[in-house]
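Read through the structure below, which is laid out as structure tokens, and then see the notes.
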2 protein chains.
Amino acid sequence: MSWRKEQRRAERGYHHGNLKEALLQAALGLIAEKGAAGFTFADAARMAGVSAAAPYRHFRDRDELLSSIAQRGFEQFESRLTAAWDDGRPDTVTAFERVGRAYLAFAREEPAFYNAMFESGLPVDANPALQAASERAFNIIRAAAERLAALAPPGTPRPPAMMMALHIWSMSHGVASLFSRGDAARRKLPMSPDELLEAEVLIYLRGLGFPTDRRPAGKGAEPPPVPPEASSGSGVPPGGPWGKPK
Amino acid sequence: MSWRKEQRRAERGYHHGNLKEALLQAALGLIAEKGAAGFTFADAARMAGVSAAAPYRHFRDRDELLSSIAQRGFEQFESRLTAAWDDGRPDTVTAFERVGRAYLAFAREEPAFYNAMFESGLPVDANPALQAASERAFNIIRAAAERLAALAPPGTPRPPAMMMALHIWSMSHGVASLFSRGDAARRKLPMSPDELLEAEVLIYLRGLGFPTDRRPAGKGAEPPPVPPEASSGSGVPPGGPWGKPK
DNA sequence: AGCTCATGTGAACGACTTTTACATGAGCTG
DNA sequence: CAGCTCATGTAAAAGTCGTTCACATGAGCT
């Protein structure tokens with residue numbers, strides 16, 4: 001019953017040729033299925049068709065593989081946030097909310113990455129590269145917050161952008177962790193996680209004095225707003241950022 | 001040299017007498033140290049001075065021990081939130097913020113419970129008792145939100161309490177997960193997690209139209225507010241719910 | 001053709017989880 | 001108090017993992 005392994009070896013020769021990548025992919029799949037805790041180094045090796053010792057030629061230990069995945073995750077995360085932000089087009093508030101949705105979408109569509117990044121218990125601060133990658137991702141949110149803060153309605157004190165960024169991050173992460181994960185969209189909600197986050201952010205921005213109907217109060221500093229009929233669906237209903245209160 | 005085990009046995013006899021509780025305590029300590037992932041059934045047994053097989057007389061498997069801890073955690077969580085809410089005294093907004101701080105305090109002071117409850121990857125929905133306990137805890141937040149929603153300033157549409165509760169929960173959980181965990185207060189922050197959350201909640205409430213200076217707008221429905229000099233430190237500075245913007 | 005070194009193998013170690021057959025003794029029953 | 005029973009503990013064993021080590025292989029360079 002070990003002709004399977006022989007078979008495999010016959011197919012690909014003694015050397016795998018691309019083991020590092022294969023291990024990363026295998027691990028990604030396993031983490032998506034069973035979570036970072038349930039993922040096993042040996043399993044990844046098996047899935048790649050190599051012995052249990054082979055992975056040690058490419059990763060110091062199981063943790064390093066996990067870190068590599070988290071690192072890659074932060075990079076993809078950053079690029080998705082960057083794309084969503086799109087340098088604040090067509091207007092800052094719209095783009096800002098798109099970033100929020102992108103956060104949730106990432107958590108939903110890349111559960112393995114999200115898990116490795118935020119739920120694996122990895123000591124992020126122990127790995128400089130990882131920390132840097134994480135920071136780069138956060139900086140997207142920060143940059144967006146900065147642009148938003150600059151639009152603060154005149155007359156009111158300008159909110160610190162850093163604080164706004166942290167607030168938005170915590171909201172996004174909270175919603176994602178609690179309500180938006182793969183098979184784990186555990187609680188029954190009166191609204192989708194996306195709607196929940198969108199309303200949350202809108203209420204928050206309104207609390208800062210921002211007009212949340214997509215019509216910026218400042219003039220000139222902001223490109224002309226999208227015509228109302230173009231902001232399909234995600235526009236704020238007249239009553240407020242939530243459905244009809246009953 | 002296995003006289004240690006003999007020693008222990010001599011001290012307590014063949015039967016432990018209170019093994020279940022001892023295991024729970026041991027596990028709690030281990031999880032606090034090394035996280036739910038690093039915690040080991042065998043270690044707990046060792047710590048309690050029994051063989052590795054003994055725990056199976058009290059827990060079906062490692063997961064059941066973890067679940068028991070999470071369950072207990074939710075119960076303590078509920079009671080702490082209940083105490084913090086204190087039925088909305090002295091006024092709803094103050095009590096509401098106290099709940100937020102209690103959330104963070106729990107995450108900080110009971111990392112083992114928090115870990116088991118929210119970060120262990122336990123399938124909460126697979127265990128009805130656990131799910132119920134979790135729901136009971138959340139219901140505190142929901143009840144508080146309901147009271148708050150009832151105070152919504154007249155004229156504006158009344159926000160759905162359930163949505164508010166989910167929002168507050170996500171903020172609290174987001175801040176706790178990202179910034180407020182034991183050795184893992186990873187990122188450098190311009191303010192403490194408590195301040196961060198407090199500002200976040202205040203801005204949010206203001207976004208809903210609530211007066212956030214602790215002086216309720218409605219009259220009669222709310223007990224008289226605390227005199228300003230009594231709300232030490234946690235009162236809202238005149239400029240807004242954050243420090244001086246520079 | 002031959003060398004070398006990155007890459008993979010198998011065996012082995014200790015730790016962990018879980019099951020099984022057996023041991024102990026606390027507490028009830030007569 | 002004697003005897004029984006059953007909850008609770010033990011040791012041993014099987015299977016899995018992580019990790020290391022000595023050794024094998026063969027890709028690519030000289």
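No experiment lies behind these values; they were computed from the predicted model shown.
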Any residue of residues 63-73 of chain A with a heavy atom less than 4.0 Å from an atom of DNA chain C: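 Contacting residues: none.
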From Leu196(A) atom CG to Met162(B) atom CE, the distance as rounded to the nearest 0.5 Å: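 One finds 9.5 Å between CG of Leu196(A) and CE of Met162(B).
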For the pair made of [atom1] in [X] and [atom2] in [N], what is the distance, rounded to whole Å?
X        : N       : atom1 : atom2 : answer
Leu19(B) : dA26(C) : CG    : P     : 16 Å
Leu23(B) : dT8(D)  : CG    : C1'   : 12 Å
Arg57(A) : dG10(C) : CZ    : C1'   : 13 Å
Phe59(B) : dT17(C) : CZ    : P     : 14 Å

Of all residues at least two apart in sequence or in a different chain, which pass the side-chain contact (heavy atoms from CB on, under 4.5 Å) check with [X]?
X         : result
Ala143(A) : none
Ala52(A)  : none
Ala37(A)  : none

Sugar-phosphate, base or nothing in reach of Gly38(B), heavy atoms under 4.0 Å: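 Result for Gly38(B) = nothing.
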Identified side-chain contact (heavy atoms from CB on, under 4.5 Å) counterpart of Phe113(B) within the set Phe74(B), Phe77(B), Phe106(B):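 For Phe113(B), the side-chain contact (heavy atoms from CB on, under 4.5 Å) check succeeds only for Phe106(B).
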Got a sec, which residues hit salt bridge (charged side-chain N to carboxylate O under 4.0 Å, His left out) with [X], two or more places apart in sequence or on another chain?
X         : value
Arg147(B) : Asp87(B)
Arg80(A)  : Glu109(A)
Glu21(B)  : Arg72(B)

Runs of at least three consecutive pairs that involve DNA chain D, where pairs are Watson-Crick or G-U with distances under 3.5 Å: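 Ordered by first number, the stems with DNA chain D (at least 3 consecutive pairs each) read C:1-30 with D:1-30.
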Expected rows: protein N/O vs nucleotides 14-18 of chain D N/O, under 3.5 Å:
residue, atom, partner, partner atom, Å
dC17(D), OP2, Arg46(A), NH2, 2.9
dC17(D), O3', Thr40(A), OG1, 3.2
dG18(D), OP1, Phe41(A), N, 3.0
dG18(D), OP1, Arg62(A), NE, 3.4
dG18(D), OP2, Phe41(A), N, 3.2
dG18(D), OP2, Ala42(A), N, 2.7

Nearest-nucleotide pick for Ala53(A), side chain only, options being dT7(C), dT10(D), dA11(C):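 The answer is dA11(C), which lies nearest to the side chain.
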Results of side chain to side chain donor-acceptor pair (under 3.5 Å) for Tyr103(A) - residues two or more places apart only: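 With sequence neighbours excluded, Tyr103(A) shows a side chain to side chain donor-acceptor pair (under 3.5 Å) to Trp169(A), His173(A), given in chain and number order.
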I'd like a list of close polar pairs between nucleotides 4-6 of chain D and the protein, N/O only, cut-off under 3.5 Å.
none

Side-chain N or O of His58(A) closer than 4.0 Å to phosphate OP1/OP2 of dA6(C):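 No, His58(A) has no side-chain N/O under 4.0 Å of OP1/OP2 on dA6(C).
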Main-chain N/O of Ser192(B) paired to Glu195(B) side chain as donor or acceptor, under 3.5 Å: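 Yes, the answer is positive, given that a donor and an acceptor are paired below the 3.5 Å cut-off.
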Test item: Ser180(B) side-chain N/O and Ala176(B) main-chain N/O as donor-acceptor pair under 3.5 Å: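 Side chain of Ser180(B) to backbone of Ala176(B): no pair is present.
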ring-ring contact (aromatic ring centres under 6.0 Å, His included) contacts touching residues 23-65 of chain A (sequence neighbours left out):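 For residues 23-65 of chain A, and leaving out neighbouring residues, the ring-ring contact (aromatic ring centres under 6.0 Å, His included) pairs sorted by first residue read Phe41(A)-Tyr56(A).
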